[in-house]
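Proteins come first, then strands; the chains are lettered A, B, ... in the order of their sequence lines, and each starts at number 1.
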Amino acid sequence: MRLARAIPLALTVGATAAAAQERTRTNEITNGVGMEFVLIRPGSMVVGRFQPTCPTPPSGGPQRDPVDARARWTAEDYRRCEEMVKRDAMPGFTVRIDRPYYIGKYEVTQAEWRTVMGTNPSVFQGTKVEGDADRHPVDNVTWEDAQAFVSVLNATDTTARYRLPTEFEWEYAARAGAERDLTWAQINRQAQLALVDKGTTQPVGGKQPNAWGLYDTLGNVWEWVQDYYNEKLFADPTPPRAGTEHVLRGGSFLSDVKNTTYFTHAAGPGSGFDVGFRIVREVR
Amino acid sequence: MAVFMATWPCGILLPLVFGAGELSAQVGRIPEGFTPLFNGRDLSGWHVSRTTHHGTTPSVTVEDGAIVMRQRPYGQGGLLLTDRKYRNFELYLEAKPDWGTNGGVFFRSTEGGSAYQIELEGGGTGGTGSLIGEMLRISKSAKPADIGRVWKPDQWNSMRLRVVGDVPHVTLWVNGVRMWDVTEERNDLIADATEGMIALQLHWSATYTPVPDAFEMGESWKPGAAHRYRNIGIKELR
């Protein structure tokens, strides 16, 4: 059901009320807006591993029977490929997450945005989606818009501190302990992706969660994180202190399975209608 | 020999003789009345997509007055987008794709690369000149009857593309010869957009790390190969 009126949370729910409405379960907490968070415990992961591979002759790939011999790979092409793969491979680096944090179980929804901000900037609302858009992720938000949401939420609910996740917090939570990338079959079970036939965002939580109970970390909408973009394939051990764009993670309903992976280090501005976010609630 | 009639932008009906006389190949310069999209010196007016699945860090350089696109790092392609969006237009460009490659020219593209695409393969092989969707289901595709008769491998080839209407009516000429003329059955674009960017695509050929059930794309881009574009111009239409 769509909310009858858009009323900013700041006008309706004070800090005390927000705290009173919170529900806490083991490893999960729900705030006064109804946003659910999952506790993420400290640990470590290897970030930025890049190990592309060359085709094995004959690969049986799409050019196995090219119409012209000049399109076929020669022995020199295979040799050069091995050389380039060796040159470009990166072992990655270890990132330690030292402190626990809560992260949104879902992407921020349109209903949550409207409750907090009193508006709804989403493209996919009204007649643009089937059914009720309230449980769809908010879309068409800039990084600055996401910061504004966090700012209003913090001003309203002073019992907690909310913010965007850092890129490493996002990746650690999305990977949920996985060391290797998911298979494409696993990604398809978890992600709303490749909805190329007049596709739209989808209600949050419609696919399988990851191993730590988070939904839609892959697909549905790209998610803003706090960090500036370094214009490289993967993050650096230390994020840049300045930049022109911020990092986007996770892919969207309009992404391909190839980049709808928790390895992809993308950046704004994105396509607008497939860009949203989830937030972190710090552990006190 | 097939003879078609087509309306040129100026409204004059011109006979198009397929397979024989070409209107005018015009390779080597932008047609009169077109506005350059590429200044031949730098990438002003263009930017790299940071959200396409083909890759976010392609090598894009300007060499001898041409845009040259190569994978970087190995297996990761990319997408070079115009900063501006276009609705109805004629686009002219010249392309020279190396053998053993796959890319294309996008139009009405999103930042992430959901778009109508004119396929472009090295040597003019395969689907070169075909109208397909990229991260987009299109209602009607198109394919040249015999691209091999007009494409000149290892040379500059001109492409002239006309796009008109929210439900787009699309016409493609290669080296001055009309390849096809098609009107879609609907506006296929996501969120019913009616405009988008022009973009040059460089296909991916390897995942970040081995994925056991990934498509085998390894031979879709020869190591070190490039796609080159020059003399890119546009004429916006009502």
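Between chain A and the residues B:Ala191, B:Gly122, B:Gly148, B:Pro212, the most heavy-atom pairs under 4.5 angstrom are made by B:Ala191. Among the candidates B:Gly224, B:Gly123, B:Gly75, B:Ser109, the residue making the largest number of heavy-atom pairs closer than 4.5 Å to chain A is B:Gly224. Comparing A:Val196, A:Thr183, A:Leu182 by how many heavy-atom pairs each has under 4.5 Å with chain B, the most go to A:Val196.
For the atom pair OG1 (B:Thr57) and CD (A:Glu231), the distance works out to 10.5 Å, reported to the nearest 0.5 Å. Note that OG1 of B:Thr207 is 8.5 Å distant from CZ of A:Phe50, once rounded to the nearest 0.5 Å. Here CG of A:Leu254 is found 10.5 Å from NE2 of B:His53. Values are rounded to the nearest 0.5 Å. Once rounded to the nearest 0.5 Å, the distance linking CH2 of B:Trp99 with CG of A:Asp77 reads 13.5 Å. The line from OG1 of B:Thr56 to OH of A:Tyr229 is 4.0 Å long, rounded to the nearest 0.5 Å. Within the model, atoms CG of A:Asp197 and CG of B:Asp188 stand 8.0 Å from one another, a figure rounded to the nearest 0.5 Å.
The local environment of CD in B:Glu63 is crowded, with over 12 non-hydrogen atoms from other residues, nucleotides or ligands closer than 6.0 Å. In the displayed structure, B:Phe215 atom CZ is contacted under 6.0 Å by at most 12 heavy atoms of other residues, nucleotides or ligands. Other residues, nucleotides and ligands contribute only 12 or fewer heavy atoms inside 6.0 Å of the NZ atom of B:Lys85. More than 12 heavy atoms of other residues, nucleotides or ligands shown are found within 6.0 angstrom of CD on A:Glu144.
You'll find the side chain of A:Phe253 reaches within 4.5 Å of the side chain of B:Ile190, heavy atoms only. The side-chain heavy atoms of A:Asp256 and B:Met135, taken from C-beta on, include a pair separated by under 4.5 Å. Using a 4.5 Å heavy-atom threshold, the side chains of A:Lys258 and B:His54 count as separate. Side-chain contact check for A:Leu233 versus B:Gln76: some heavy-atom pair is nearer than 4.5 Å. Between B:Pro223 and A:Tyr78 there is no side-chain heavy-atom pair separated by less than 4.5 Å. Between B:Arg50 and A:Val247 there is no side-chain heavy-atom pair separated by less than 4.5 Å.
Contact of B:Asp213 with chain A is made through backbone and side chain together, with heavy-atom distances under 4.5 Å. For B:Arg186, the part sitting under 4.5 Å from any heavy atom of chain A is the side chain, from C-beta outward, and nothing else. Using a 4.5 Å cut-off between heavy atoms, B:Ile138 does not touch chain A at all. Neither the backbone nor the side chain of B:Asp98 comes within contact range of chain A; no heavy atoms are under 4.5 Å apart. Heavy atoms closer than 4.5 Å to chain A are found nowhere in B:Ser139, neither backbone nor side chain. Both the backbone and the side chain of A:Lys198 have a heavy atom closer than 4.5 Å to some heavy atom of chain B.
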Discussion item. Applying side-chain contact (heavy atoms from CB on, under 4.5 Å) to A:Arg180 and B:Val211, what does each step give before you reach the verdict?
Written reply: CA-CA 9 Å; A:Arg180 307 175 74 89; B:Val211 178; over 6 Å; no

Item to complete: Start with the C-alpha gap between B:Lys222 and A:Arg80, add the side-chain angles, then the distance that decides, and say whether side-chain contact (heavy atoms from CB on, under 4.5 Å) holds.
Response: CA-CA 9 Å; B:Lys222 280 196 178 193; A:Arg80 191 169 181 201; over 6 Å; no

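Tested against B:Tyr208, the residues A:Thr264, A:Thr261, A:Asn259 include a single side-chain hydrogen bond (donor to acceptor under 3.5 Å, both in side chains) partner, A:Thr264.
Summarising the geometry of B:Thr51 relative to A:Ala267, their closest heavy-atom pair is CG2-O, 3.5 Å, with the distance given to 0.1 Å.
For A:Asp88 (side chain) and B:Tyr74 (main-chain N/O), a donor-acceptor pair under 3.5 Å exists by modelled atom type.
For the pair B:Glu219 and A:Arg72, the salt-bridge criterion is not met [side-chain N within less than 4.0 Å of a carboxylate O].
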